[in-house]
Amino acid sequence: MKTLIQFISEKQADFPFATGEFTRLLNDIGIAAKLVNREVNKAGLADINGYFGQQNVQGEDQKKLDVFANDCFLTAMRHGGMVCAVASEENDELYTYDNAFSQKGKYVVAMDPLDGSSNIEVNVPIGTIFSIYRRKSESGPGTVEDLLQPGNRQIAAGYIIYGSSTMLVYTTGHGVNGFTLDPSVGLFLLSHPEMTIPEGGNIYSINEANYIYFHEGVKQFIKFCQQDDPATLRPYTTRYIGSLVSDFHRNLIRGGIYIYPGTLKNPNGKLRLLYECNPIAFLAEQAGGKASTGYERILDIQPESLHQRVPFFVGTRHMVEKAEEFMRKNA
Ligand SMILES: O=P(O)(O)OC[C@H]1O[C@](O)(COP(=O)(O)O)[C@@H](O)[C@@H]1O
Ligand SMILES: [Mg+2]
Ligand SMILES: [Mg+2]
């Protein structure tokens, strides 16, 4: 089986001006993922469950594992020297490196170090999400402008899922590939080449507890999913894990749609454009699926701030298009 680094080195041929720096960056991300994986696996034993005692810019109480994961990725990318700035869910401001080595780095990263934090203590799969861009600024510490690029400028995106097995799934705009961590050798091995979202999906994934605040278009799409019509695999079934990475990963393999809509209470929904929606949208499109706000393509949105939220509809193409149809009809 091919290792992650063997695979990337091989794919480097796809990029005429490749210098190996991107390979090193993905390797740095892989190293941090293994460290986080080790803590996640023994979460019940190590003093890593529970709250850290601080709030992040979103007003969420940070979990110890949120902070641990954040430190792991920031440190691994510092040592690698390929990255000059990071936008992280766990840092209010842009994180820049003060060492000259990193300031020469030509990449910037947006990341959700620990996704699905509400599931940490209950042993439900959680993840890490990352999105990589080339910097726009010349040199020195990276800038906010370097991060506020539309998602269609991403050069790579991916996630790590810490579940029954630990996987790293990523794209560089040449399809989607998945690697499973073999703990006995500590290597990510190519286990899911050229992943595509099945067209015949029949899963819808949304937190229906918010139903009364849903937009009429969302309510009508849910009704559509629940109608009896075997010819179109309906009624669909519903699954909601409450970790974006896990809900998306399931739909990537089985087919389906995940929705975190804007509501009457939160018109922009909950999920963050830079380090949740853009990377997952890039993967979805590269796997033959679709991602939108219900109206607009996620990857074409011009970001305005590091932690901005957007409504998110992602998954099997025809299911997202059907949901968009209901949104437009009820706009
Ligand atoms: O509990 P809710 O409102 O359904 O929200 C669940 C969503 O929130 C998230 O946990 C937000 O991500 P974080 O855990 O990284 O803050 C998503 O993973 C998940 O899909
Ligand atoms: Mg998240
Ligand atoms: Mg998070």
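All values below were derived from every heavy atom in this structure, side-chain atoms included, with hydrogens, water molecules and symmetry-related copies excluded. As the structure lists them, so they are numbered: ligands from 1, and atoms in each ligand from 1.
Residues His307 and Tyr275 bring their aromatic ring centres within 6.0 Å.
The Mg ion (ligand 3) lies under 2.8 Å from an N, O or S atom belonging to Glu89. Not a single N/O/S atom of Asp115, whether from backbone or side chain, sits less than 2.8 Å from the Mg ion (ligand 3). With a cut-off of 2.8 Å, the Mg ion (ligand 3) has an N, O or S atom of Leu114 in range.
Atom OD1 is the N/O/S atom of Asp112 found closest to the Mg ion (ligand 3). The Mg ion (ligand 2) lies closest to atom OE2 when only the N/O/S atoms of Glu276 are considered.
Asn119 and Ser243 form a side-chain donor-acceptor contact under 3.5 Å, judged by distance and modelled atom types alone. Ser88 and Asn70 form a side-chain donor-acceptor contact under 3.5 Å, judged by distance and modelled atom types alone. For the residue pair Tyr204 / Thr237, no side-chain donor-acceptor distance below 3.5 Å is found, with atom types taken as modelled.
Ring geometry, Tyr240 versus Tyr258: the interplanar angle falls under 30°, so the pair is classed parallel (tilted spans 30 to 60°). Between His249 and Tyr159, the ring planes are perpendicular. Angles over 60° get that label, and only those under 30° would be called parallel.
Between Met111 and Leu74, the closest side-chain pair of non-hydrogen atoms falls below 4.5 Å.
Of the inter-residue distances, the one linking Tyr107 atom OH with Met77 atom CE reads 13.5 Å to the nearest 0.5 angstrom.
A heavy-atom cutoff of 4.0 Å around ligand 1 is satisfied by the protein residues Glu60, Glu89, Asp112, Leu114, Asp115, Gly116, Ser117, Asn207, Tyr240, Gly242, Ser243, Leu244, Tyr258, Tyr260, Lys270, Arg272, Glu276.
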